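Per chain, numbering begins at 1; letters A, B, ... match sequence-line order. Since the model is a prediction, treat every value here as computed from it, not as a measurement.
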Amino acid sequence: MEKENQTTEGKVYSLPRLGEPAPQFEAITTQGTLKLEDFKGSWLIMFSHPADFTPVCTTEFIAFAQIHPQLRELNCELLGLSIDSVYSHIAWARTVEEKFGQKLTFPIIADLNKEVASKYGMVMPGESKTETSRCVFIIDDKQIIRAMIYYPLTTGRNTEEILRTIKALQTSDKNGVATPANWQPGDKVIVPTPNTQEMAEERVKDKNYECTDWFFCKKELK
Amino acid sequence: MACVNPDGTLSSSAKELLKILNNPMTAEEISQKLSRPMFKVRSSLREMLEAKLISSAEDKYVITKEGNKKI
């Protein structure tokens with residue numbers, strides 16, 4: 001079920017929620033008609049940009065394309081979106097390759113009727129009523145939304161942070177741990193906090209962990 | 001459509017896919033054989049099923065007579 005937020009003008013916009021199934025869609029893209037369910041079994045970074053043939057978006061698309069090989073190694077695909085036609089996307093992709101030397105290897109949704117943008121709360125009317133803001137949805141291989149990033153029109157995203165987030169989420173899933181601020185692969189991870197007194201007492205005595213206190217313990221991953 | 005051009009001809013990637021479907025294959029097998037991501041394989045198969053260029057049975061896909069005419 002889509003969640004709704006009511007604005008003071010009475011308009012209703014949907015926003016997805018972390019930990020819930022990503023809203024399904026079928027969309028025209030630069031690589032044919034795609035459905036979200038086509039990506040089942042892979043992680044997916046779906047991201048929106050305000051408009052084709054604009055400078056900040058161009059830098060972002062180049063940056064996303066540059067991390068695409070690393071994402072593929074993590075079983076993660078990329079999917080772009082803007083409220084532009086597929087012809088505009090094709091022309092822009094060709095321009096990026098010709099003028100900047102970077103081939104765009106991922107599909108881009110042409111969301112002219114704003115159907116996907118509406119389901120994902122990508123339009124921020126305070127910034128623009130006709131363009132999507134810079135949104136990122138990290139969707140796992142079971143099609144659950146695991147992280148969301150919303151950036152304004154003025155500010156290009158940090159693709160290294162997005163890559164880091166994927167690695168952190170996958171590390172958490174694989175090892176049953178959490179990751180601290182600024183975690184990088186190879187750093188110690190955070191052990192889940194005990195939720196009974198008995199476990200808290202056992203935790204501080206456990207030599208396998210580095211505990212500052214019963215609720216704050218780290219360990220190295222082997 | 002990604003596989004079928006507006007004039008009815010097939011893209012080169014579509015022909016490549018059809019050519020390996022003389023014997024039934026699953027989507028996963030197609031993905032591995034052609035080194036294509038699963039989302040692209042699923043999308044292509046859906047399009048080709050709609051165009052009756054392939055048929056499916058028990059999660060496997062095989063080229064049809066119509067598909068053979070196109071390659």
Neighbour count >12 (heavy atoms, 6.0 Å) for atom OH, A/Tyr87: no
Which one wins on heavy-atom pair count under 4.5 Å against chain B: A/Thr29, A/Leu34, A/Ile28? A/Leu34
Separation of B/Phe39 CZ from A/Leu79 CG (nearest 0.5 Å): 7.5 Å
Salt bridge flag under 4.0 Å for residues B/Lys40 and A/Asp38: no
For the residue pair B/Pro37 and A/Glu77, establish whether any side-chain heavy-atom pair is separated by less than 4.5 Å. yes
Side chain to side chain contact (heavy atoms under 4.5 Å, CB included) assessment of A/Glu37 paired with B/Arg42: CA-CA 9 Å; A/Glu37 64 190 28; B/Arg42 288 177 179 135; over 6 Å; no
